[in-house]
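Just so you know, these numbers come straight off a predicted model, no measurement behind them.
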Amino acid sequence: MKVTIAINNYNYSAFIVDCVNSVLQQTYENIEIIIIDDGSTDNSVELLKENYIDNELIKIISKKNGGQLSTFNQATKYATGDIICFLDSDDLYKKDYIEKIVDLYKNDDSIDFVFCAIENFFTNGSKEIIQQYSVNIDIGFSVLSTIYSKEWVGNVTSSVSMRRNLFNQIFPLELENDWITRADDCLVWGSSIYGAKKYYCADPLILYRVHETNNFYGKEFSNAYLYKREIKINKLFKGLIDKAEIDSNNLLNLILIEFTSRGNKNINLLFKYLKILSFESSFLKKIKRTIKLLQIYIIELKNKK
């Protein structure tokens, strides 16, 4: 199984060599590295060429500055791996990151998207492990909970990977000017809306560098920023839903599949879906039908034990 690592860089000459070296030191060997420099004005490109121009595993792509989403769009032209991993140029992979996530994809061909815990490391030398769950979890599908509740099932860019066939369905994506930064939203929400079955790895396999020029970590945002961001998110959702051709007439079937994929004991998720149904016509009729389907599913589940 071949893995593409797509590294996006903009003016991180202080970090880019360490970043690339963390990929070259992986225990998994069947890889290609695509470095997309987004119009850096520092000496990033010079450093990349000086260190890697003769390395056959590495492609260095220089482009006009267009923001993070534009680098994801650019990656569709060059990525040939079965799995696409993403990496911000100020972050690092631990040596066994790719090997461990490839094992997850190989062991379950229904998995489309994997994200993992991260380890923050600070300029003062301190570290902080961030886990969403304490153990590995097959999360399942999140199409409807994303569309109706904007559920964000994922993590920062460098901790995310997906199968290339899923990546090529989502990208290239318009609205590059809206997603100059924080385009991991496009990866996370886009994959959910396109029906990705997601898996969480509890191992902190990513070293997330915390420094003064981070675009998100530790920042406080004004109400004006949040208002404009919400408009961009709504535009993104409309574009993704239209592109994915989501069929609202198939709502109940999607709810049943999504709910059962996460476990029939998840009552909070069930109530969330009942709320989703309230947006539809013939509300009571659909509630009764959904409850009946869930009862049938639970009976069948008990009979299999």
(message) So, taking the atom named CD1 in I60 and the one named OH in Y52, what distance separates them when rounded to the nearest 0.5 Å?
(response) 9.0 Å
(message) Tell me whether I61 shares a hydrophobic cluster with F86, the cluster being built from Ile, Leu, Val, Met, Phe, Trp, Tyr side chains joined at under 4.5 Å.
(response) no
(message) Give me the atom names and distance for the closest heavy-atom approach of Y93 to C85.
(response) OH-CB, 3.4 Å
(request) Please check if the distance between the ring centroids of F113 and Y194 is under 6.0 Å. (result) no
(message) Rounded at 0.5 Å granularity, tell me how far CZ in R229 sits from CZ in R182.
(response) 3.5 Å
(request) With sequence neighbours left out, write down each residue that passes side-chain contact (heavy atoms from CB on, under 4.5 Å) with Q132, or none if nothing qualifies. (result) F115, N155, Y200
(request) May I ask you to test the K77-P172 pair for a side-chain heavy-atom distance under 4.5 Å? (result) no
(request) Could you check if a side-chain atom of H211 sits within less than 4.5 angstrom of a side-chain atom of Y12, using non-hydrogen atoms only? (result) yes
(message) Would the distance check show the side chain of Y199 and the main-chain N or O of I101 forming a donor-acceptor pair, the cut-off being under 3.5 Å?
(response) no
(message) Grouping I, L, V, M, F, W and Y whenever their side-chain heavy atoms are under 4.5 Å apart, do I5 and L48 come out in a common cluster?
(response) yes
(request) Would you check if D138 and D108 make a side-chain contact, meaning some heavy-atom pair closer than 4.5 Å? (result) yes
(request) Taking all non-hydrogen atoms of both residues into account, name the closest pair between L57 and N55 and its distance. (result) N-OD1, 2.9 Å
(request) Following the transitive rule for hydrophobic clusters with a side-chain heavy-atom cut-off under 4.5 Å over Ile, Leu, Val, Met, Phe, Trp and Tyr, establish whether V153 and V135 coincide in one cluster. (result) yes
(request) Write down the atom of V156, the atom of W152, and the distance for their closest heavy-atom approach. (result) N-CH2, 4.2 Å
(message) Tell me if a side-chain donor or acceptor on E174 pairs with a main-chain N or O of G239 at a distance below 3.5 Å.
(response) no
(request) Would you name the heavy atoms of L173 and L240 that are closest together and state the gap between them? (result) CD1-CD2, 3.8 Å
(request) For the residue pair Y225 and F221, categorise the inter-ring angle as parallel (less than 30°), tilted (30 to 60°) or perpendicular (more than 60°). (result) parallel
(request) Could you tell me whether the side chain of S161 and the main chain of I84 form a donor-acceptor pair under 3.5 Å? (result) no
(request) Indicate yes or no for a side-chain donor-acceptor contact from Q131 to the backbone of A117 under 3.5 Å, with no hydrogens or angles considered. (result) no
(message) Can you give me the closest heavy-atom contact between S191 and K198, atom names plus distance?
(response) OG-NZ, 3.1 Å
(request) Please answer whether the main-chain N or O of L92 pairs with a side-chain N or O of S22 as donor and acceptor at a distance below 3.5 Å. (result) no
(request) Report yes if the side chains of D203 and K100 come closer than 4.5 Å at any heavy-atom pair, otherwise no. (result) yes
(message) Please tell me whether N168 and T76 have a donor and an acceptor in their side chains that are separated by less than 3.5 angstrom.
(response) no
(request) State whether the side chain of D91 and the backbone N or O of S158 hold a donor-acceptor pair below 3.5 Å, judged by distance alone. (result) no
(request) Nearest 0.5 Å please: distance from the NZ atom of K238 over to the NZ atom of K235. (result) 11.5 Å
(message) What verdict does the side chain to side chain contact (heavy atoms under 4.5 Å, CB included) test give for N65 and Y10, after you've listed the backbone C-alpha separation in whole Å, the side-chain angles of each residue and the deciding distance to 0.1 Å?
(response) CA-CA 8 Å; N65 181 250; Y10 177 68; 3.4 Å; yes
(message) Would you say that I241 contacts I147 through its side chain, given a criterion of any heavy-atom pair below 4.5 Å between the two side chains?
(response) yes
(message) For a 4.5 angstrom cut-off between non-hydrogen side-chain atoms, does N51 reach V20?
(response) no
(message) Tell me whether the count of non-hydrogen atoms from other residues, nucleotides or ligands lying under 6.0 Å of CG in N223 goes above 12.
(response) no
(message) What verdict does the side chain to side chain contact (heavy atoms under 4.5 Å, CB included) test give for K150 and N234, after you've listed the backbone C-alpha separation in whole Å, the side-chain angles of each residue and the deciding distance to 0.1 Å?
(response) CA-CA 10 Å; K150 291 188 173 67; N234 290 335; 3.3 Å; yes
(message) Would you say Y97 ends up clustered with I130 if hydrophobic residues are merged whenever their side chains have heavy atoms under 4.5 Å apart, either directly or through other cluster members?
(response) yes
(message) Quick check against the 3.5 Å criterion: does Q68 have a side-chain atom that pairs as donor or acceptor with the backbone of A183?
(response) yes
(message) Main chain of D90, side chain of D88: is a donor-acceptor contact present, judged purely on distance under 3.5 Å?
(response) no
(message) As an exercise, state the distance from SG of C186 to CD1 of I233, rounded to the nearest 0.5 Å.
(response) 10.0 Å
(message) Can you tell me which residue among D38, N43, D37 is in a side-chain hydrogen bond (donor to acceptor under 3.5 Å, both in side chains) with S40?
(response) D37
(message) Using only atom types and a distance under 3.5 Å, with no angle test, would you say the side chain of S192 pairs donor to acceptor with the backbone of W189?
(response) no
(message) The test is side chain to side chain contact (heavy atoms under 4.5 Å, CB included); show your working for D82 and Y105 and say whether it passes.
(response) CA-CA 10 Å; D82 304 291; Y105 284 108; over 6 Å; no
(request) Consider only side-chain heavy atoms of I, L, V, M, F, W and Y, link residues closer than 4.5 Å, and tell whether V23 and F121 are in one cluster. (result) no
(request) Could you go through the side-chain hydrogen bond (donor to acceptor under 3.5 Å, both in side chains) check for S70 and K63 one step at a time? (result) CA-CA 9 Å; S70 74; K63 59 180 285 298; 2.8 Å; yes
(message) Main chain of I36, side chain of N8: is a donor-acceptor contact present, judged purely on distance under 3.5 Å?
(response) no
(message) So C201 and N136, do their side chains get closer than 4.5 Å, heavy atoms only?
(response) yes
(message) If you compare all heavy atoms of L87 against all heavy atoms of T157, which two are closest, and at what distance to 0.1 Å?
(response) N-CG2, 4.5 Å
(request) First locate atom CD1 of I170, then atom CG of N165, and finally report the distance between them rounded to the nearest 0.5 Å. (result) 10.0 Å
(request) State, without any angle test, whether E151 and S142 hold a side-chain donor-acceptor pair at a distance under 3.5 Å. (result) no
(message) I need the K59 NZ to I7 CD1 distance, nearest 0.5 Å.
(response) 14.0 Å
(message) Counting only heavy atoms not in K2 (residues, nucleotides, ligands), do more than 12 fall under 6.0 Å from its NZ?
(response) yes
(request) Evaluate the criterion side chain to side chain contact (heavy atoms under 4.5 Å, CB included) for residue pair I83 and R163; output intermediate values, then yes/no. (result) CA-CA 4 Å; I83 305 299; R163 294 191 188 271; 3.8 Å; yes
